[in-house]
There are 2 protein chains.
Amino acid sequence: MAYELHYWPGIQGRGEFIRLALEEAGAAYVDVGRQRDGKHRGMTKVMALLEGAAMPAFALPVLVDGEQVVGQVAAILDHLGAKHGLTPPDAAGRTRALQLQLTLADLTTEGHDVHHPLGAGLYYEQQREAALQRAPGFQEERLPKFLAYFERVLERNPAGPRYLLGGQLTYPDLSLFQLVEWLRYAFPRAAREALRSTPRVRALHARVRRRPRIAAYLKSPRRLPFSEEDVFRHYPELDSPARQTRP
Amino acid sequence: MAYELHYWPGIQGRGEFIRLALEEAGAAYVDVGRQRDGKHRGMTKVMALLEGAAMPAFALPVLVDGEQVVGQVAAILDHLGAKHGLTPPDAAGRTRALQLQLTLADLTTEGHDVHHPLGAGLYYEQQREAALQRAPGFQEERLPKFLAYFERVLERNPAGPRYLLGGQLTYPDLSLFQLVEWLRYAFPRAAREALRSTPRVRALHARVRRRPRIAAYLKSPRRLPFSEEDVFRHYPELDSPARQTRP
């Protein structure tokens with residue numbers, strides 16, 4: 001039975017971490033929110049799942065796997081990874097994959113909060129001044145620190161620097177690929193600067209991009225475009241050299 | 001061999017989620033950062049682990065379990081929970097515990113970001129105006145929404161509303177206890193208001209507090225006090241009725 005991915009229809013968003021894993025696994029899935037059997041029908045189903053009586057998850061994405069309904073990106077990936085060989089087979093490796101994914105989740109949240117420092121209840125335009133104040137810390141400190149960490153993880157992998165864990169692709173590799181995609185879109189200047197010192201991260205990104213199923217997915221209409229409604233957004237003023245925007 | 005918990009010495013912080021699990025499990029552990037064999041010796045060891053050549057984790061807390069070194073709270077709890085009977089024994093239950101923990105982690109981050117909306121690189125006093133703008137959304141929307149979610153999880157537990165998962169305590173129960181502790185400390189007005197509608201969450205908090213090992217821990221010097229250097233901080237101006245502070 002095909003998996004059901006329940007997520008917002010118009011953006012890559014955090015659902016993209018799940019899509020990449022499903023695509024790499026070659027798994028059959030329905031992206032429920034994007035189904036078009038009548039007006040908004042897909043999203044009605046998504047909201048019914050999320051806000052219905054069972055209320056299985058606090059937020060999207062949610063994966064339905066037969067009887068099992070799972071929320072939270074890292075929990076979904078841990079579940080899918082074990083089923084499709086996208087985690088190391090041993091318990092310690094599985095824990096390590098989860099740890100790496102959670103660190104990528106932290107980077108995702110920080111990347112989002114650059115443009116929404118005052119919370120999701122206000123539009124960007126209502127918090128632009130605060131965003132201008134938050135951006136330099138992300139670009140100068142946090143982003144380079146995160147990328148340097150993953151560079152080090154690759155560098156110290158006993159099986160070589162091709163993947164984050166062992167000698168085979170695991171789901172955090174797919175997520176790190178997505179982060180590089182987002183960072184280059186949203187913060188082209190800061191990302192270029194930070195990635196200059198992390199050749200192994202750049203090479204991993206390129207390696208994932210060339211995988212046949214991922215390459216086919218990226219060319220397909222299933223891959224949604226980047227946008228300013230996504231988790232990572234390109235507002236040029238937030239990618240400026242820090243000294244011009246620090247308060 | 002005793003576990004080593006590597007964390008900042010002066011605060012409960014995210015390390016507290018790990019301490020509560022270790023205490024409930026009755027597991028032997030060394031809180032390395034708080035060891036006092038000479039000046040700052042414990043914290044020197046912690047930083048050597050975190051910033052040394054192996055650099056196993058991006059941030060604290062880190063748990064050392066023999067050869068295995070684990071970072072990220074939810075990954076540590078998933079590991080400890082499986083070893084000490086603090087997760088459901090089946091795979092689906094283990095995934096569900098992880099999902100609940102990650103939702104508690106999101107609440108933790110949002111609670112922190114109320115006082116640090118512009119990032120960790122600035123002091124509270126430097127971002128107080130932004131914090132005053134962020135606080136109402138947390139109190140009026142996010143906090144009630146999170147607590148209502150956990151209330152619903154308790155309400156719909158087929159085994160009854162005593163615990164989040166099944167008929168026995170699991171690690172997310174301990175973490176929800178800690179969140180209630182923090183919320184009551186940091187946002188006494190908003191927490192009282194939100195908890196009024198979530199009697200099962202209140203009862204779970206009281207139930208965890210009465211568990212013999214947790215009760216003993218809370219009375220011991222191992223339990224650090226709340227403070228304004230912690231993840232949740234009590235700044236009275238951030239707990240004011242929303243209409244007075246919204247921009």
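By convention in this document, chain letters (A, B, ...) are assigned in the order of the sequence lines, proteins followed by strands, and residues within each chain are numbered from 1.
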* Sort A:Phe138 into side chain, backbone, both or neither according to what part of it lies under 4.5 angstrom from a heavy atom of chain B. => neither
* Asked: Ignoring hydrogens and geometry, is there a side-chain-to-backbone donor-acceptor pair from B:Asp230 to B:Ile11 under 3.5 Å?
  -> no
* Measure the shortest side-chain to side-chain distance between A:Tyr149 and A:Val153 over non-hydrogen atoms and say whether it is less than 4.5 angstrom. => yes
* Asked: Given A:Phe58 and B:Gln99, is the side chain to side chain contact (heavy atoms under 4.5 Å, CB included) satisfied, shown in steps?
  -> CA-CA 9 Å; A:Phe58 182 75; B:Gln99 175 187 338; over 6 Å; no
* **Contact origin within B:Phe150 toward chain A - heavy atom pairs under 4.5 Å** => neither
* Asked: Do the non-hydrogen side-chain atoms of B:Pro161 and B:Glu155 ever get within less than 4.5 Å of each other?
  -> no
* A:Ala57 versus chain B, heavy atoms under 4.5 Å apart: side chain, backbone, both or neither? -> both
* **Aromatic centroids of B:Tyr3 and B:His84 separated by under 6.0 Å** => yes
* Is chain B contacted by the side chain of A:Ala54, its backbone, both, or neither, given a heavy-atom distance below 4.5 Å? -> both
* To do: Check each atom of A:Asp106 against the heavy atoms of chain B and say whether the ones under 4.5 Å are side chain, backbone, both or neither.
  => side chain
* May I ask you to name which of A:Val70, A:Leu98, A:Leu102 has the most heavy-atom pairs under 4.5 Å with chain B? => A:Leu102
* Asked: Does the distance from a Lys or Arg side-chain N to an Asp or Glu carboxylate O, for B:Arg128 and B:Glu237, drop under 4.0 Å?
  -> yes
* Structure fact -> Note: vs chain A, highest number of non-hydrogen pairs under 4.5 angstrom among B:Ala74, B:Pro56, B:Ala148, B:Ala97 is B:Pro56
* **Cationic N near anionic O, under 4.0 Å, B:Asp65 to B:Lys83** => yes
* To do: Please flag which part of A:Val73 lies under 4.5 Å from any non-hydrogen atom of chain B: side chain, backbone, both or neither.
  => neither
* Heavy-atom pair count under 4.5 Å with chain B, highest-scoring of A:Arg94, A:Gln101, A:Gln68 -> A:Gln68
* Pick whichever of B:Ala92, B:Gly71, B:Ala131 has the most heavy-atom pairs under 4.5 Å with chain A. => B:Gly71
